[in-house]
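Presented below is the structure to which this report refers.
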Number of protein chains: 2
Amino acid sequence: MHCELTAHMFKAMAHPVRVFLLDKLSVRPWCVCELAAEAGVDKSVASKHLSMLREAGLVESTRRGTQIEYSLSAPCVLELASCAEGTVLTNRKKSLGINPDSEAQGNAR
Amino acid sequence: MHCELTAHMFKAMAHPVRVFLLDKLSVRPWCVCELAAEAGVDKSVASKHLSMLREAGLVESTRRGTQIEYSLSAPCVLELASCAEGTVLTNRKKSLGINPDSEAQGNAR
DNA sequence: TGCCATGTTTCCATTTTCGGCAACTATTCA
DNA sequence: TGAATAGTTGCCGAAAATGGAAACATGGCA
């Protein structure tokens, strides 16, 4: 177990906007401006989040003319997210009585 | 996709010590003092990290006399962590030429 | 070449995280 | 009850993360 590396990977996914971006990228490749608009953040912010994901080895980028296309490079990561999400939702429901659908979602929906 | 909730869960796992704790807990339940000693951190630090993991729904705790036993409540998370780790290691190796075994590990080994 | 669209990087202020220490709580046992 | 063991919480300063704005870099096109 590479604790440092694993923690670094989780840190890359530990932000609502970055989860949102990964979710979008699981459907198809997107350019930065599209993703920024979808996420409702400045392009510089989207660019920085995408850099983090790329640095962590989760996404890849390719230039397409004036724009840069980002795509998912570790599809299994998303499966991890949904599986873990399901588990945690179940645990929260049964142990705390929290309704998981009542959470605030902000921009990153 | 619950971006906020998912990000919160990943944030709980986004620290070397917490990854280390989850890895330990995947083997068997441990009390705080044992985990603190294993991780090489103060018991207050271990306690705080474990609180975060519990709050995220990843671990559970039960009192056993004077000590409190923590156990994994979302085993699937660890399995998929290693899967994702493998994917990321492969991607890093092929795209950046980085040797994944050369990383510093600190206390959280 | 000059202009425009797309991204990245830098700077800065604010917020959050982190670890160690001390104080406080809870349980066991003499 | 008093002491010892095990955990938790509050406080503090240091370090890291975040977002917005501006400057800078790249590629396409008239």
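The sequence lines fix the lettering, A, B, ..., with proteins before strands; numbering per chain opens at 1. Any value given below was found using the heavy atoms of this structure, including those in side chains, with hydrogens, waters and symmetry copies removed.
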Practice task
Starting at atom CD of Glu55(A), determine the distance to atom P of dT8(C), rounded to an integer number of angstrom.
Solution key: 14 Å

Exercise for the section: Calculate the interatomic distance between Trp30(B) atom CH2 and dA6(D) atom P; express it in whole Å. Expected result: 15 Å

Handout entry: Distance, rounded to the nearest Å, where Glu34(A) contributes CD and dT6(C) contributes P
Key = 10 Å

Practice task
Send over the distance from Ile68(B) CD1 to dT27(C) C1', rounded to a whole Å.
Solution key: 10 Å

Handout entry: Rounded distance in Å - CD (Glu69(A)) to C1' (dT8(C))
Key = 18 Å

Practice task
Report the relative orientation of the aromatic rings in Phe10(A) and Phe10(B); use parallel for angles under 30°, tilted for 30 to 60°, perpendicular for over 60°.
Solution key: parallel

Practice task
Rounded to the nearest 0.5 Å, what's the gap from CD1 on Ile68(B) to CG on Leu35(B)? Could you check?
Solution key: 12.0 Å

Problem - Presence of salt bridge, Glu60(A) and Arg54(A), under 4.0 angstrom - result: no

Fill in the blank from the handout: Looking only at dT8(C), dG19(C), dT28(C), the nucleotide nearest the Thr66(B) side chain is dT28(C)

Exercise for the section: Please report, rounded to the nearest Å, how far the P atom of dT8(D) is from the CG atom of Leu35(B). Expected result: 11 Å

Handout entry: Nearest to side-chain heavy atoms of Arg63(B), which nucleotide of dA26(C), dT18(D), dT8(C)
Key = dA26(C)

Fill in the blank from the handout: Atom CG of Leu53(B) and atom P of dT17(C) are separated, to the nearest Å, by 14 Å

Exercise for the section: Can you check whether any acceptor in the base of dC21(C) is under 3.5 Å from a donor in the side chain of Ser44(B), or vice versa? Expected result: yes

Practice task
Measure from the side-chain heavy atoms of Lys48(B) and tell me the nearest of dT26(D), dT8(C), dC21(C).
Solution key: dC21(C)

Exercise for the section: Could you tell me whether the phosphate oxygens of dA6(D), OP1 or OP2, come under 4.0 Å of any side-chain nitrogen or oxygen in Tyr70(B)? Expected result: no

Completion exercise
Between Gln67(B) and Gly65(A), whichever has its closest DNA chain D nucleotide further toward 5' is Gln67(B)

Practice task
Verify, without hydrogens or angle tests, whether Trp30(B) (side chain) and Glu69(B) (backbone) share a donor-acceptor contact under 3.5 angstrom.
Solution key: no

Fill in the blank from the handout: One should read off an interatomic distance between Lys11(B) NZ and Glu55(B) CD, to the nearest 0.5 angstrom, of 11.0 Å

Fill in the blank from the handout: Regarding the side chain of Ser47(A), the nearest nucleotide among dG19(C), dT8(C), dT26(D) is dT8(C)

Handout entry: Between dC12(D) (P) and Asp42(B) (CG): distance, integer Å
Key = 18 Å

Exercise for the section: Kindly say if Arg18(A) contacts the phosphate of dT18(D), meaning a side-chain N or O under 4.0 Å from OP1 or OP2. Expected result: yes

Exercise for the section: Please state whether the phosphate of dA17(D), meaning OP1 or OP2, lies under 4.0 angstrom from any side-chain nitrogen or oxygen of His49(A). Expected result: no

